[in-house]
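Everything below concerns the one structure shown next.
This one's a predicted model, so the numbers in the text were calculated from it and none came from an experiment.
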Amino acid sequence: MKKLRFGILSTSSIAPRFISGLQATKNCEASALASRSLDKAREKAALWKIPKAYGSYEELLHSEEIDVAYIAMINSEHYRYAKMALECKKHVLCEKPFTLTPEESRNLFALAREKGLFIMEAQKVLFLPVIEKLKELIQSDVLGPIKMADFSSSFDPGYNSWFFDLEKGGGPLYGNAIYSLQLMQYLFDCRVTSWTGLCTKSPTGVENQFSLSMQMENGLLFTNKTSTCVATSHVGYLYGEKGYVELPDYWKARKAILHYPDQEPVVLHYPCAYELMYEALHVEECIRKHLTESPVMTEAMTINAIEILHAIQQSWHSS
């Protein structure tokens, strides 16, 4: 079987993790890398064992070296280069957040359908083995109906010079709240219908931490708290009528801990070296089946999440 060739657009911090995931698969490979600097592209390509380097994203997208474009640059550039990739007849895996507006997201999915090409928002959490198992447990009702959930995380964004620039899609809202949004949509097969949120802001006016509350179609309430100011616990909790689930590092989870009244916790371990491998395998499967949309990370899920995050951010910057 011919390997599916991925072109990596950007040398950002997530790029080497995705490349390692590709290299752990049997039928996918990172065949080319692009940066705005040819010297940097060549340096990183040598380091990451990628055969071809380009000094511009445009040059890579117009080449015959790749089948799939992996869009991994700053948030504000996602739409431009995902659209260009489709116009160059390349399939697209675009890092979250897919775009910064719902209109941009709709445009990309429509263009992919028109071109007969596959496109998906990269959302690794949905494809992790432990998350698949958790969905099975929820559907089998071993925890009873899930009524509430809570997610918290924190990180130091200091290495990203663009992170507090609103025009570049900066701030933790788009990049971090989207994990819990997509995860909850996937686990419960329904949409978020109402939401509210508060934030504090950095000197540039971009949020530096936030607290969101949301409700789903099935009545489930969940919260998401993320900070770049203080260290929080990195964990998700899902509370059912019979017990609850603890998900350490929920966005890259390797285990789930089941808690039941008057019982010892049950720990489900799903170790993996490269968590991004699973979404790469899913992309490969979809493309080989000639799909234009993932049946897991769907257009509807992406649009719903971007609509919510866009509305929340607009409310924070409307005054």
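Between atom CD of residue Glu121 and atom OG of residue Ser105 there is a gap of 7.0 Å, rounded to the nearest 0.5 Å. Distance CG/Leu9 to OH/Tyr70: 10.5 Å, rounded to 0.5 Å. With rounding to the nearest 0.5 angstrom, the CZ atom of Phe118 is 5.0 Å from the OG atom of Ser294. To the nearest 0.5 Å, the span separating NZ on Lys168 from OG on Ser76 amounts to 7.0 Å. Interatomic distance, OH of Tyr270 versus CD1 of Ile131, reported as 10.5 Å (0.5 Å rounding). Leu117 contributes atom CG, which lies 9.0 Å from atom OG1 of Thr292 (distance to the nearest 0.5 angstrom).
A side-chain contact (heavy atoms from CB on, under 4.5 Å) with Arg191 is found for exactly one of Asn304, Leu181, Asn218, namely Asn304.
In this structure a side-chain-to-backbone donor-acceptor pair under 3.5 Å is missing from His91 to Ala69. With His310 contributing its side chain and Ile306 its backbone, the two residues share no donor-acceptor pair below 3.5 Å. Here the side chain of Glu293 pairs a donor or acceptor atom with the backbone of Glu299 at under 3.5 angstrom. The closest donor-acceptor contact from the side chain of His78 to the backbone of Glu95 lies under 3.5 Å. Checking side-chain atoms of Ser152 against main-chain N and O of Ser233 turns up a donor-acceptor pair under 3.5 Å. Formation of a donor-acceptor pair under 3.5 Å by the Trp316 side chain with backbone atoms of Gly197 is found in this model. The backbone N or O of Ser63 lies less than 3.5 Å from a partner atom in the side chain of Lys90, making a donor-acceptor pair. Remark: side-chain polar atoms of Ser12 are paired, donor with acceptor, to backbone N or O of Ala72 under 3.5 angstrom. Side-chain N or O atoms of Thr25 include one that pairs as donor or acceptor with a backbone N or O of Leu22 at under 3.5 Å. Counting only distance, with no hydrogens or angles, the side chain of Asn107 and the backbone of Glu103 share a donor-acceptor pair below 3.5 Å.
A donor-acceptor contact under 3.5 angstrom links the side chains of Ser153 and Thr226, judged on distance only. Neither side chain, Asn208 nor Thr228, offers a donor N or O lying under 3.5 Å from an acceptor on the other. A donor and an acceptor atom, one from each side chain of Ser35 and Ser37, are nowhere located under 3.5 Å apart.
Residues Val130 and Val266 share a single hydrophobic cluster, defined by chaining ILVMFWY side chains whose heavy atoms lie under 4.5 Å apart. There is no path of hydrophobic side-chain contacts, each under 4.5 Å, that joins Leu100 to Leu108. Linking ILVMFWY side-chain heavy atoms closer than 4.5 Å, directly or via other members, places Tyr79 and Val68 in two distinct hydrophobic clusters. Side-chain heavy atoms closer than 4.5 Å link hydrophobic residues (I, L, V, M, F, W, Y) into clusters, and following such links, possibly through other members, connects Ile138 to Val142. Residues Met120 and Ile178 fall within the same hydrophobic cluster, defined by Ile, Leu, Val, Met, Phe, Trp and Tyr side chains chained together at heavy-atom separations under 4.5 Å.
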side-chain contact (heavy atoms from CB on, under 4.5 Å) evaluation trace for Thr232 with His234:
CA-CA 6 Å; Thr232 71; His234 294 175; 4.0 Å; yes
Pair Leu238, Leu143 - check side-chain contact (heavy atoms from CB on, under 4.5 Å), show working.
CA-CA 9 Å; Leu238 288 85; Leu143 295 161; over 6 Å; no
side-chain contact (heavy atoms from CB on, under 4.5 Å) for Ile8 and Trp48? Distances and angles first, verdict last.
CA-CA 11 Å; Ile8 313 301; Trp48 299 334; 5.8 Å; no
Given the rule in the side-chain contact (heavy atoms from CB on, under 4.5 Å) test, do Asp165 and Ile74 qualify, once you have shown the distances and angles that lead to the verdict?
CA-CA 11 Å; Asp165 186 336; Ile74 65 174; over 6 Å; no
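Using a 4.0 Å cut-off between charged side-chain N and carboxylate O, Lys96 and Glu279 make no salt bridge. Remark: Asp67 does not engage Lys3 in a salt bridge, criterion side-chain N to carboxylate O under 4.0 Å. A salt bridge does not link Glu64 to Arg5: none of the charged nitrogens lies less than 4.0 Å from a carboxylate oxygen. The pair Glu87-Lys115 does not count as a salt bridge, with every side-chain nitrogen at least 4.0 angstrom from each carboxylate oxygen.
Leu33 approaches Ala41 most closely through the heavy-atom pair CD2-O, 3.6 Å. Nearest heavy atom pair, residue Ser154 against residue Val230, reads CB-O, 3.2 Å. Scanning both residues, Thr99 and Glu104, for their nearest heavy atoms gives CB-OE1, 3.4 Å. Across all non-hydrogen atoms, the minimal contact from Glu65 to Tyr54 is CG-OH, 3.0 Å. Minimum interatomic distance between His317 and Leu166 (heavy atoms only, all atoms of both residues): NE2-CD1, 3.9 Å. Closest approach of Val267 and His269 over heavy atoms only: CG1-NE2, 3.2 Å.
Under the 30°/60° scheme for interplanar angles, the aromatic rings of Tyr239 and Tyr244 are found to be tilted. Tyr179 and Trp251 have tilted rings, their planes meeting at an angle from 30° to 60° on a 0 to 90° scale.
Residue Gln263 qualifies as enclosed at atom CD: its count of foreign heavy atoms under 6.0 Å is above 12. When the shell of 6.0 Å around CZ of Arg42 is examined, it contains 12 or fewer heavy atoms from other residues, nucleotides or ligands. The number of heavy atoms from other shown groups lying within 6.0 Å of CG (Leu221) is above 12.
In this structure the side chain of Phe127 reaches within 4.5 angstrom of the side chain of Met297, judged on heavy atoms. For the pair His282 and Leu126, the minimum side-chain heavy-atom distance is 4.5 Å or more. For the pair Phe151 and Met184, the minimum side-chain heavy-atom distance is below 4.5 Å. With contacts defined as side-chain heavy-atom distances shorter than 4.5 Å, the pair Lys44/Ile19 does not qualify. Within the 4.5 Å cutoff, side-chain heavy atoms of Leu61 are placed close to those of Tyr81. In this structure the side chain of Met1 reaches within 4.5 angstrom of the side chain of Glu284, judged on heavy atoms. At least one side-chain heavy atom of Leu137 sits under 4.5 Å from a side-chain heavy atom of Leu258. Counting heavy atoms from C-beta on, the side chains of Pro203 and Phe164 never come closer than 4.5 Å.
You'll find the ring centres of Phe222 and Phe188 outside the 6.0 Å limit. Annotation: Phe109 is in aromatic contact with Phe98 [ring centroid separation under 6.0 Å].
Annotation: salt bridge (charged side-chain N to carboxylate O under 4.0 Å, His left out) contacts involving residues 207-222, sequence neighbours excluded, are absent. Applying the side-chain hydrogen bond (donor to acceptor under 3.5 Å, both in side chains) test to every pair with at least one member in residues 129-148, sequence neighbours left out, gives these pairs: Lys135-Asp189. Sorted by first and then second residue, the salt bridge (charged side-chain N to carboxylate O under 4.0 Å, His left out) pairs involving residues 300-309 (not counting sequence neighbours) are Arg106-Glu307.
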